Amino acid sequence: MEDAYARSVSEVLDFFEVDPSRGLSDSQVARHARLFGRNGTSFWKLVLKQFDDLLVKILIAAALVSFVLALVNGETGLAAFLEPSVILMILAANAAVGVITETNAEKALEELRAYQADVATVLRNGCFSILPATELVPGDIVEVSVGCKVPADLRMVEMLSDQLRVDQAILTGESCSVEKELVCTVTTNAVYQDKTNILFSGTVVVSGRARAVVVGVGANTAMGSIRDSMLQTGDEATPLKKKLDEFGTFLAKVIAGICVLVWVVNIGHFRDPAHGGFLQGAIHYFKIAVALAVAAIPEGLPAVVTTCLALGTKRMARLNAIVRTLPSVETLGCTTVICSDKTGTLTTNMMSVSKICVVHSVHHGATLAEYSVSGTTYAPEGFIFDKSGMKLEFPAQHPCLLQIAMCSALCNESVLQYNPDKGDYEKIGESTEVALRVLAEKVGLPGFDSMPSALNVLSKHERASYCNHYWENQFKKVSVLEFSRDRKMMSVLYSRKNMEVMFSKGAPESIISRCTSILCNDDGSTVPLTTDIQAELEARLHSFAGKETLRCLALALKRMPLGQQTISLDDEKDLTFIGMVGMLDPPREEVKNAMLSCMSAGIRVIVVTGDNKSTAESLCRKIGAFDHLVDFAGHSYTASEFEELSPLQQTIALQRMALFTRVEPSHKRMLVEALQHQNEVVAMTGDGVNDAPALKKADIGIAMGSGTAVAKSASDMVLADDNFASIVAAVAEGRAIYNNTKQFIRYMISSNIGEVVCIFVAAVLGIPDTLAPVQLLWVNLVTDGLPATAIGFNKQDSDVMRAKPRKVGEAVVTGWLFFRYLVIGAYVGLATVAGFIWWFVYADSGPKLPYSELMNFDTCSKRETTYPCSVFDDRHPSTVSMTVLVVVEMFNALNNLSENQSLLIIPPWSNLWLVASIILTMLLHILILYVHPLSVLFSVTPLSWAEWTVVLYLSFPVIIIDEVLKFFSRNSCGMRFKLRLRRAELLPKREIRDK
């Protein structure tokens with residue numbers, strides 16, 4: 001029902017055919033569910049998403065070609081299916097890792113949805129019951145009260161208290177709670193703020209109690225429509241994904257060129273009698289070309305990238321940063337600007353009383369006493385100090401502090417409770433009222449010498465509101481005069497032992513203007529309020545609210561006639577002033593170091609808030625991270641000030657901006673776009689529904705764990721603890737993950753270049769195939785995969801947050817690095833071929849053939865030889881080659897502990913996972929050499945100690961070669977080479993915007 005706000009209560013009830021005193025019947029619920037629906041990433045889409053990768057597609061094509069060639073060649077059974085099956089099994093494993101990781105991220109997000117309304121108090125068949133919010137249907141009668149999250153869009157039908165106020169900031173951005181009413185709205189083209197008779201799904205009731213009828217569920221709610229529009233926005237690839245795709249495209253072209261080259265080079269061998277004809281020869285060499293393609297493509301790369309990012313997300317989850325999409329982990333490493341919310345992210349979002357002002361004495365002129373209060377959370381832990389810094393041992397013995405505690409506890413509609421599951425104290429109701437409850441706990445109770453230390457022996461559950469409950473038990477509530485905007489105050493009438501007292505609290509100017517007397521703190525006497533005292537109080541209020549930017553409340557009381565049962569507006573005069581309190585939302589203690597860490601990492605922080613300029617600037621000074629700014633002139637702008645600047649002035653302002661105040665959600669998106677036009681990579685925080693477009697637009701959208709479902713669904717990352725320091729920790733983790741990703745990509749490139757060189761050189765020299773395709777697959781999929789994954793466990797560099805952010809367009813593999821790994825790869829390939837030739841020509845256990853005989857192996861059967869032709873079918877030479885390839889790659893894995901640091905500086909044991917993976921890989925290799933069924937399957941044979949010695953001699957030099965190359969990288973020679981090759985980088989350095 002879209003126009004419920006414009007209809008009367010009776011019209012809405014008639015539309016849904018519901019009796020407000022009985023609710024819907026079971027048959028009506030079923031009918032409404034069919035008519036209107038209920039309140040509530042396909043798995044296979046997630047699976048298919050894992051195969052949407054260029055390298056994966058090339059591999060699938062290679063598997064199919066291999067299978068077709070085997071069938072054309074007349075192979076059947078295991079021989080035909082072995083190679084393609086192994087490839088497809090590895091791809092399936094890769095997909096499984098991706099699906100499991102992304103599913104786990106979604107599950108972690110599901111756990112955060114405890115913040116949303118999941119139950120509702122519903123009237124059905126004349127009885128109230130608590131049902132899951134997902135079971136609501138339009139027409140249901142729902143009861144809401146203080147602390148409730150509204151479970152669906154509701155039309156008010158009955159008020160059960162004097163008034164009902166709702167915090168709908170998540171939907172509309174309104175900073176104050178909104179009063180709801182029953183009358184219909186007559187405004188044309190009404191916006192959410194005009195619909196004062198509608199309770200919107202996901203908003204919170206902060207005072208009062210009412211009944212309402214469900215008019216919208218699921219996607220038909222205000223919240224649901226925004227969520228759906230956000231989900232329709234497409235995602236774009238992240239920098240690493242783009243770089244890997246570019247690398248895959250480049251690699252595909254190189255592989256295609258080499259395959260064609262190998263095939264063309266061997267055209268002269270097509271007619272060799274050994275093949276049995278020209279066509280069979282062509283097919284034979286085409287198979288070699290396919291084997292070459294399989295060798296060149298790093299099959300494990302997608303799996304290892306996914307695994308490394310997955311490991312990163314687990315580490316980040318422990319840092320309270322839940323990553324929703326894996327590739328966004330590395331985007332954090334590019335971040336150059338963090339636009340952070342103030343409330344809840346830089347601050348605790350727990351309003352707490354920090355200052356108290358009372359009138360101490362009037363005997364020698366009016367003297368005010370000021371107290372400071374420690375403790376910045378909702379925990380009832382903290383002390384009260386006088387102006388000299390001395391702690392008050394028994395605060396409740398001071399008359400004004402005692403009365404302030406009583407008024408704070410009794411003139412209060414909020415609830416403070418301990419949640420054992422979260423290990424935190426939680427509020428229900430307005431933040432300012434909960435701050436007063438916490439203050440009452442810190443003041444303690446009178447008449448006990450052991451106060452307040454005796455309170456510490458209570459359990460946290462009992463301690464949460466022990467003193468508040470004491471006062472509530474001492475007094476009996478008689479009548480309440482609710483807060484209203486015109487009065488800016490509220491009053492409550494209590495009775496106690498033949499005494500009637502009215503407690504009032506509100507805006508200081510409202511309370512002080514209604515006071516005619518004051519309570520003195522030195523002797524508890526009540527004296528008239530003079531103009532001098534009033535001037536003193538107003539001066540102190542100006543100091544609290546202006547210079548210290550505290551939110552101030554004044555407290556007062558009034559003795560009422562015995563037996564009075566109600567209070568009216570006329571009673572709110574001739575009050576006795578008892579004190580004034582100043583509150584603030586304190587900065588988190590860890591934020592200063594986190595911000596300084598950002599600055600040293602070349603990341604700019606812009607504080608974005610809806611608060612006024614002076615409050616935000618005061619908080620930034622309290623944080624202490626902006627001490628390098630003499631003042632905020634030129635660094636702090638309100639949204640309206642910024643919009644009034646010319647385009648050129650805006651560009652300059654953006655480069656210096658540290659604070660952006662009085663913003664609406666639309667300004668956040670504007671800020672993101674403006675920064676992105678300056679080639680900044682922007683991380684933006686947000687929690688409300690209206691923040692969703694900015695979160696989606698930002699390179700990294702960061703939603704608060706306590707925020708809305710829409711903000712979370714639009715984000716790339718969710719902060720479980722809403723803490724700015726967690727963003728900075730996540731950036732450091734993102735940088736470390738990218739560094740490790742680069743290391744294993746380089747490891748796999750150099751290893752695979754070695755395999756290509758091995759096959760290519762063998763084909764060019766005309767010697768027998770050094771490795772069978774199945775042996776290549778073994779080396780590729782097993783020995784590459786384990787160490788490459790373990791490289792992902794390289795420890796975070798100590799200076800990871802002292803380097804400048806990398807450019808979005810920075811190539812993963814630059815010219816100098818590619819040259820380095822060509823050298824390493826060439827050595828790997830030549831060492832493998834050398835091992836093969838050594839066995840035929842020099843090995844004591846081999847035939848010791850002349851090299852020319854080895855080159856003419858294919859004509860052996862057509863001429864007389866001094867050796868049997870079966871020697872070319874011996875499994876020893878290919879076993880030596882395969883073992884050299886495995887061992888040299890293990891040594892090469894050690895080279896990749898660091899890009900440029902020597903193994904003498906970063907020893908192997910700095911990454912025990914890598915050492916363990918090398919040991920495991922060698923054990924697996926020894927297993928296939930010495931266990932009979934496996935050695936037959938992989939066409940290998942056991943090696944002697946002499947053969948193992950040669951394998952080590954041929955393999956170890958790869959470490960010496962890379963140490964020399966690292967030395968040049970650390971010195972100017974490598975830098976000059978890098979500069980010369982900059983234009984020839986293999987992965988284009990295009991400035992590509994991400995997301």
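Just so you know, these numbers come straight off a predicted model, no measurement behind them. Side chains are part of it too, since the values below use all heavy atoms of this structure and drop only hydrogens, waters and symmetry mates.
Here the closest heavy-atom approach between residue S750 and residue I824 is recorded as CB-CG2, 4.0 Å. The shortest heavy-atom contact between S881 and G835 is OG-C, 4.3 Å. Summarising the geometry of E947 relative to P942, their closest heavy-atom pair is OE1-O, 4.4 Å, with the distance given to 0.1 Å. Heavy atoms only, all atoms of each residue included: Q743 and S898 are closest at NE2-C, 3.3 Å. For V871 against P847, the heavy-atom pair with the smallest separation is CG2-CG, 3.5 Å. Nearest heavy atom pair, residue S910 against residue L897, reads OG-CD2, 4.1 Å.
Within the 4.5 Å cutoff, no side-chain heavy atoms of L929 are placed close to those of L934. Side-chain contact between L830 and V761 is present, with at least one heavy-atom pair separated by less than 4.5 Å. Using a 4.5 Å heavy-atom threshold, the side chains of T921 and H925 count as separate. By the 4.5 Å heavy-atom criterion applied to side chains, M882 and T832 are not counted as neighbours. Residues D962 and V823 are not in side-chain contact: their nearest non-hydrogen atoms beyond the backbone lie 4.5 Å or more apart. Taking the side chain as every heavy atom from C-beta outward, Y930 and L943 approach each other to under 4.5 Å. Contact check for S902 versus I905: side-chain heavy atoms found under the 4.5 Å cut-off. At least one side-chain heavy atom of F760 sits under 4.5 Å from a side-chain heavy atom of L261.
Side-chain polar atoms of H876 and S845 form no donor-acceptor pair below 3.5 angstrom.
Note: M890 CE to L914 CG = 9.0 Å, rounded to the nearest 0.5 Å. Interatomic distance, I791 CD1 to L894 CG, rounded to the nearest 0.5 Å: 9.0 Å. The distance from atom CD1 of I928 to atom OG1 of T941, rounded to the nearest 0.5 Å, is 11.5 Å. Expressed to the nearest 0.5 Å, how far CG of N896 lies from CD1 of I906 amounts to 11.5 Å. A distance of 12.0 Å separates CH2 of W838 from OH of Y953, quoted to the nearest 0.5 Å. Here CG of L924 is found 10.5 Å from OG of S917. Values are rounded to the nearest 0.5 Å.
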What's the verdict on side-chain contact (heavy atoms from CB on, under 4.5 Å) for S935 and H932, showing C-alpha distance, side-chain angles and the deciding distance?
CA-CA 5 Å; S935 62; H932 183 65; 4.1 Å; yes
Given side-chain contact (heavy atoms from CB on, under 4.5 Å), test I767 with I837 step by step and report yes or no.
CA-CA 9 Å; I767 62 176; I837 294 172; 4.2 Å; yes
Checking side-chain contact (heavy atoms from CB on, under 4.5 Å) for the pair C758/L771: CA distance, chi angles, key distance, verdict?
CA-CA 9 Å; C758 163; L771 296 168; 4.0 Å; yes
Check step by step if side-chain contact (heavy atoms from CB on, under 4.5 Å) holds for N892 and I959.
CA-CA 7 Å; N892 193 27; I959 285 187; over 6 Å; no
Would you check, one step at a time, whether the test ring-ring contact (aromatic ring centres under 6.0 Å, His included) holds for F840 with F872?
CA-CA 9 Å; F840 277 109; F872 295 113; 5.7 Å; yes
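Partners of F956 by ring-ring contact (aromatic ring centres under 6.0 Å, His included), not counting sequence neighbours, listed by chain and number: F891. By the ring-ring contact (aromatic ring centres under 6.0 Å, His included) test, W948 is found to be paired with no residue, residues two or more places apart in sequence or in another chain being considered. By the salt bridge (Lys or Arg N to Asp or Glu O under 4.0 Å) test, R315 is found to be paired with E733, residues two or more places apart in sequence or in another chain being considered. A search for side-chain hydrogen bond (donor to acceptor under 3.5 Å, both in side chains) contacts involving N911 returns N794, not counting sequence neighbours. For Y827, there are no ring-ring contact (aromatic ring centres under 6.0 Å, His included) partners two or more places apart in sequence or in a different chain. Applying the salt bridge (Lys or Arg N to Asp or Glu O under 4.0 Å) criterion to E853, with sequence neighbours excluded, gives R863.
Looking at E755, its side chain never comes within 3.5 Å of a backbone N or O of G829 through a donor-acceptor pair. A donor-acceptor pair under 3.5 Å is formed between the side chain of K966 and the backbone N or O of N895. Without hydrogens or angle criteria, S751 side chain to Y747 main chain gives a donor-acceptor distance under 3.5 Å.
Counting non-hydrogen atoms of neighbouring residues, nucleotides and ligands closer than 6.0 angstrom, the OH atom of Y842 reaches no more than 12 such neighbours.
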